[in-house]
*Asks:* 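Sharing a structure, written as structure tokens. Questions coming.
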Protein chains: 2
Amino acid sequence: MIDKIDMTILSILQDQGRTSNADIARAVGMAPSAVLERMRKLERKGVIRGFEAVLRPKDVGFALTAFTFVRADEGVGSTDIGKALSRVPGVLETHYTAGQDSYLLKVRARDTEHLQLILQEFGAIPGVRDTRTTVVLTTLKESRSLPLADDAATGRQEQRGTTKEQSKE
Amino acid sequence: MIDKIDMTILSILQDQGRTSNADIARAVGMAPSAVLERMRKLERKGVIRGFEAVLRPKDVGFALTAFTFVRADEGVGSTDIGKALSRVPGVLETHYTAGQDSYLLKVRARDTEHLQLILQEFGAIPGVRDTRTTVVLTTLKESRSLPLADDAATGRQEQRGTTKEQSKE
DNA sequence: GTTGAAAATCGCCGTTA
DNA sequence: TAACGGCGATTTTCAAC
């Protein structure tokens, strides 16, 4: 369903999201139109969900990163509270976890004061029992890049520690 | 240093990373060449770190997401262990935290067996004292998109829960 | 920042294996 | 079904203003 060439295309795009079709075509040794069609298919199937610019958070006013564990009272299988948490601006990620804490959130805030406001918003959501927050001092690596090269030997080597050596926050 | 127009450009790109220069130019009401120059400047200054395709992990063989806390023995201010942890394939994020746990890692693995291997690699790094892992059952939201609209009123409205309604893992 | 023009790319479609 | 090739529309990119 998803062959080696697709893997190479995905591998390129997860690291260099704006690589032109023409360049990808050259990399995989196919006609640009063929690559275009593969990309479309991958997007249509949902394998490619979209493309994001990677910004340096502090440069756009978000100096604080934190992870918050939220314990919630809700029926098994329901994720309504998780959805409500996800809607709070500054919440980048919402994971429903296996532990006793129901949710693990990744949050970005402008400063500690802003973080406090966000935590208050969490508390105001019905069903949220309590929260526990860990503030990040420094982010050493932050990427989406999966080690696709490991399995299919796509020809591209594993990238190490490369991407995003972030500055202090 | 970074004006409202830059913010609009960044806001567009963090959600639609492959938006063409021409489209961005139309959105901000400027000539394409001007937008191109702004983007180049933003990349050169490091505000834009790069572009990533957002892939659905399970479609490329990574069905498991986990967060691992690592306690490490190392001198204050040193992040050598963090760098070693970052080099382990499957480690997407490495955060140095303020808590008693030294590092918080975001990890993606193919399956539980693979996760075990990764945790063993952590344990093999000198200075790593112990690890504690929380497995993610479902990811409700996973994005990089910062609520830039909040501060400067760039004209683009806040995006809610939109991006990435992910399937179970 | 804008304009304008050349080079490259995009993206559709008919053809082919 | 998937890839190729061709071609017009669009975009990228650079120079001059």
Side-chain angles (χ1 to χ4, degrees), chain A residues 1-56 59-60 144-145 148-149 151-156 163, chain B residues 1-56 58-61 144-145 148-149 151-156 163:
Chain A
M1 202 72 164
I2 190 172
D3 64 5
K4 211 173 288 187
I5 292 177
D6 283 334
M7 277 300 196
T8 306
I9 294 173
L10 294 172
S11 192
I12 291 171
L13 287 175
Q14 77 172 343
D15 288 323
Q16 307 278 350
R18 271 182 92 92
T19 307
S20 72
N21 252 314
D23 279 346
I24 298 172
R26 279 186 281 269
V28 301
M30 290 205 319
S33 52
V35 174
L36 184 68
E37 197 169 357
R38 275 171 180 268
M39 264 187 64
R40 287 251 170 84
K41 205 167 291 181
L42 288 167
E43 293 196 63
R44 191 149 35 75
K45 285 196 291 187
V47 180
I48 297 176
R49 257 180 152 45
F51 296 87
E52 293 181 341
V54 181
L55 309 183
R56 186 160 54 194
D59 286 1
V60 288
R144 302 195 89 107
S145 186
L148 302 185
D151 69 324
T154 53
R156 300 180 68 254
T163 21
Chain B
M1 200 74 164
I2 190 171
D3 65 5
K4 211 172 289 188
I5 291 177
D6 283 335
M7 276 301 196
T8 306
I9 294 173
L10 294 172
S11 192
I12 292 170
L13 287 175
Q14 77 172 342
D15 288 324
Q16 306 279 350
R18 270 181 93 92
T19 306
S20 72
N21 255 314
D23 278 346
I24 298 172
R26 278 186 281 270
V28 300
M30 291 206 317
S33 55
V35 173
L36 182 67
E37 195 169 9
R38 275 171 180 269
M39 267 186 62
R40 291 231 175 104
K41 205 168 290 179
L42 288 167
E43 292 196 61
R44 191 150 35 75
K45 286 196 291 188
V47 180
I48 297 176
R49 252 178 157 47
F51 296 88
E52 293 180 340
V54 181
L55 309 183
R56 186 159 54 194
K58 72 168 177 183
D59 285 0
V60 288
R144 304 196 87 109
S145 186
L148 300 184
D151 68 326
T154 53
R156 301 180 67 254
T163 21

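Since this is a predicted model, take the numbers as computed values, not measurements. Atom set for the values below is all heavy atoms of this structure, side chains included, hydrogens, waters and symmetry mates excluded.
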*Asks:* If the threshold is 4.0 Å, N to carboxylate O, is there a salt bridge linking B:Glu52 and B:Arg144?
*Replies:* yes
*Asks:* Could you check whether B:Ala31 gets within reach of a base, just the sugar-phosphate, or nothing at all, counting any heavy atom under 4.0 Å?
*Replies:*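 If one applies the 4.0 Å heavy-atom cut-off, B:Ala31 turns out to touch a base.
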*Asks:* Please state how far atom CD1 in B:Ile5 lies from atom P in C:dG1, giving the value in whole angstrom units.
*Replies:* 6 Å
*Asks:* Is A:Ser33 touching bases, backbone alone, or none of the nucleic acid, heavy atoms closer than 4.0 Å?
*Replies:* base
*Asks:* Starting at CG of A:Asp23 and ending at P of C:dT9, how long is that distance when rounded to a whole Å?
*Replies:*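 Spelled out: CG on A:Asp23 to P on C:dT9 is 7 Å.
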*Asks:* If we check side-chain contact (heavy atoms from CB on, under 4.5 Å) with A:Ile12, which of these qualifies: A:Leu148, A:Thr19, A:Asp23?
*Replies:* A:Thr19
*Asks:* Just how far, in rounded Å, is C1' of D:dA3 from CG of A:Asp6?
*Replies:* 13 Å
*Asks:* Quick check: on DNA chain D, is the nucleotide nearest A:Arg18 upstream (toward 5') of the one nearest A:Pro32, or the reverse? Name the residue that is more 5'.
*Replies:*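 So the residue in question is A:Pro32.
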*Asks:* Within the supplied structure, the quantity of interest is the number of heavy atoms (other residues, nucleotides, ligands) at a distance under 6.0 Å from A:Glu43 CD; does it exceed 12?
*Replies:*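 More than 12 within 6.0 Å, yes.
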*Asks:* Measuring from B:Ile24:CD1 to B:Thr8:OG1, what's the distance to the nearest 0.5 Å?
*Replies:* 10.5 Å
*Asks:* Salt bridge check: are B:Arg38 and B:Asp3 linked by an N-O gap of less than 4.0 Å?
*Replies:*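 Between B:Asp3 and B:Arg38 there is a salt bridge, with a charged N closer than 4.0 Å to a carboxylate O.
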*Asks:* How close or far is atom C1' of D:dA16 from atom CD of B:Glu37, stated in whole angstroms?
*Replies:*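 Whole-Å distance recorded here is 14 Å.
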*Asks:* Over how many whole Å does the gap from B:Asn21 atom CG to C:dC10 atom C1' extend?
*Replies:* 14 Å
*Asks:* Go through D:dT13, C:dG11, D:dC4 for me and flag the one nearest to the B:Arg40 side chain.
*Replies:*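 It is D:dT13.
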*Asks:* Please give, in whole Å, the distance from D:dC4 P to A:Leu36 CG?
*Replies:* 13 Å
*Asks:* Report the nucleotide, chosen from C:dT9, D:dC4, C:dG11, that has the shortest atom-to-atom distance to any side-chain atom of A:Ala34.
*Replies:* D:dC4
*Asks:* Rounded to the nearest Å, what distance is computed from the CE atom of residue A:Met30 to the C1' atom of nucleotide C:dT16?
*Replies:* 16 Å
*Asks:* Expressed in angstrom and rounded to an integer, what is the separation of B:Arg26 atom CZ from C:dG1 atom P?
*Replies:* 18 Å
*Asks:* Side chain of A:Arg38 only, please: which of D:dA2, C:dT3, D:dC4 is the nearest?
*Replies:*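 Closest of the options to the side chain of A:Arg38: D:dA2.
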*Asks:* Can a side chain N or O of A:Lys41 be found less than 4.0 Å away from OP1 or OP2 on D:dA2?
*Replies:* yes
